[in-house]
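One structure is given here, and the rest of the page talks about it.
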Amino acid sequence: MHDLKDIRSKPDYYKEKLSKRNKELVTLLEEILTIDQKKREVQTKADELRKRKNEIASEISRSKDDLSKTETLKSESITIGTTLGEIEKNEIDLTFQLNEKAMWLPNVPSDDVPFGEDETQNKEVIKWGNPRTENWIKPHWEIGAKLNILDFERGVKIAQSRFTVLSGMGAKLERALMNFMLDHASERGYTEIFPPILVNKEAMIGTGQLPKFEGDFYKCENELLYLVPTAEVPITSLHKDEVLMLDQLPRKYCAYTPCFRREAGAASKDTRGIIRQHQFNKIELVKVASSETSDKEHEELTQDAEEILRKLELPYRKILLCTGDIGFSAMKCYDLEVWFPSQGVYREISSCSNFGSFQARRINIKYKLTQKDKPVFVHTINGSGLAIGRTLAAILENYQNEDGTVTIPKILRSYLKNADKVN
RNA sequence: GGAGAGGUGGCUGAGUGGUCGAAAGCGGCAUCCUGCUAAGAUGUUGUAGGGUCAAAAGCUCUACCGAGGGUUCGAAUCCCUCCCUCUCCGCCA
């Protein structure tokens, strides 16, 4: 959500920035400005009428004994009321339209985000590790099934496709990864949170999931609650409607939650394996920062996530997303992609974004320097640290041995009673 | 699930149809005072939107007493619907 006043004062800036994402957004912006203009006119008119009505009401109370005057005033008020009713209907309608449209306006990209139309024009920042290329390496779903740690058939039996059962060392590895990543984040000063996994609609709107992506999420039938698609939603909402003091910033949080996504529209993508599941586990890193430091905090958060891949010794690359590929709410975003030797590709395992004040304006989180300062919106930042299912899949491939066993990454062994191999 | 109570400004808490955006206290801010670990005095003190203005300040208008409707010239106050919180009972991991 943008500040309408700001858009009004420099429409060309917004047009230029938004057109870098998508040219059609310029049309949307122009529509918004037109409606805004009309709405303000109507509001002014309505305010005037309300003012007169208020005047009449107090005149009546002041001269109650003058019956004929009172009657005249009453009828004037009733006449105004009729006109006002029409105008108010219009006002409400325009306000609704305005909000509706403004909700669909994505964030403007930062100046240092490269221009590009789609993911092919993203920019590689760094590449780390030595990717394995042996052609005997099997995809994770084959090795996982063979080792009896990934059970796809039973996942479908219990739920439906894109649900998988982890068993034995699979389940233990998942849990070890969870603990390892949370410990890593805690060491770096993130406060661990275990939030509700069902959230209300306001939280979903606040972080930008709704209204644009309705249909991507699981919604309860009898309550207006959603299963979280990411811990970003509850964690960023922790400070909803709060004013924080500058010296309390940045706030750093980490959280484990399962994540639920309907993956509508991903019908033929990643149908095998555990890359794209309806339910997956993830550790999320979230920061609430001041506008002065958000850029630095974003870089550091990304590095905190990268460090996990380095500790696990998984080859990865860091991508700076271009204007056409950046997420709806983000102004700048790095993706971390881990190497999958069986397919010979890097796949996204973390997405670290700076949202500027975009989410904060929706959620209403502000900060101020001292008690007498006027509060301003915070900046929010988040990133996966990391998606656990994909990390497990990456381990099964990158740590695979020719005899069909999988070596356990050194950093995880202390979480697994020093086991060094899955066989 | 059953029974009851309640939702008012940063907080506590008055206010049951007319200068109520809302008493009072606390807190915050500003100034003053006093040499004694701190207190006192006075003033000030919400949010959002609009208009005016080059802009800021200022001035001004409107809205907001859980949300949405209704009654009325006029609603924090009356009526209806919904949401939420708390207490007790029951049930349950």
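Each chain gets a letter, A, B and so on, in the order its sequence line appears, and its residues count up from 1.
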What is the per-nucleotide protein-contact pattern of nucleotides 49-59 of chain B, from the 5' end, where B denotes a base atom under 4.0 Å from a protein heavy atom, S denotes such proximity for sugar-phosphate atoms only, and - denotes neither? BSS--------
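- A cation-pi contact, defined as under 6.0 Å to the ring centre and within 45° of the axis, is absent between Lys17(A) and Tyr14(A).
- Here Glu174(A) does not pair with Lys282(A) in a salt bridge; the nearest charged N to carboxylate O distance is not below 4.0 Å.
- When the side-chain nitrogen and oxygen atoms of Lys53(A) are compared with OP1 and OP2 of G74(B), one or more of them lie within a distance under 4.0 Å.
- Judged by distance alone, the side chain of Thr323(A) and the main-chain N or O of Arg21(A) form no donor-acceptor pair under 3.5 Å.
- Scanning residues 75-101 of chain A for heavy-atom distances under 4.0 Å to RNA chain B yields Ser77(A), Ile78(A).
- Ring pair His278(A)/Phe260(A): centre-to-centre distance not below 6.0 Å.
- Between Arg413(A) and Asp420(A), none of the side-chain N atoms (NZ, or NE/NH1/NH2) sits under 4.0 Å from a carboxylate O, so this pair counts as no salt bridge.
- Among Glu306(A), Lys318(A), Glu299(A), the one residue that satisfies the side-chain hydrogen bond (donor to acceptor under 3.5 Å, both in side chains) test with Tyr334(A) is Glu299(A).
- Residue Ile60(A) is classed as a base contact, given a heavy-atom separation below 4.0 Å to a base.
- Between Asn54(A) and U62(B) there is a side-chain N or O to OP1 or OP2 distance below 4.0 Å.
- Nearest heavy-atom pair, Glu397(A) versus His140(A), reported as atom, atom and distance to 0.1 Å: OE2-N, 2.7 Å.
- For the pair Lys20(A) and Phe115(A), the cation-pi test (distance below 6.0 Å, angle within 45°) is failed.
- Within 4.0 Å of Lys366(A), counting heavy atoms only, lie sugar-phosphate atoms of the nucleic acid but no base atom.
- With rounding to whole Å, Ile56(A) atom CD1 is found 13 Å from U62(B) atom P.
- Base pairing analysis places C88(B) opposite G2(B); the two distances defining the Watson-Crick or G-U wobble pair are each below 3.5 Å.
- The residue among Lys74(A) and Ser58(A) whose nearest nucleotide of RNA chain B is located toward the 5' end is Ser58(A).
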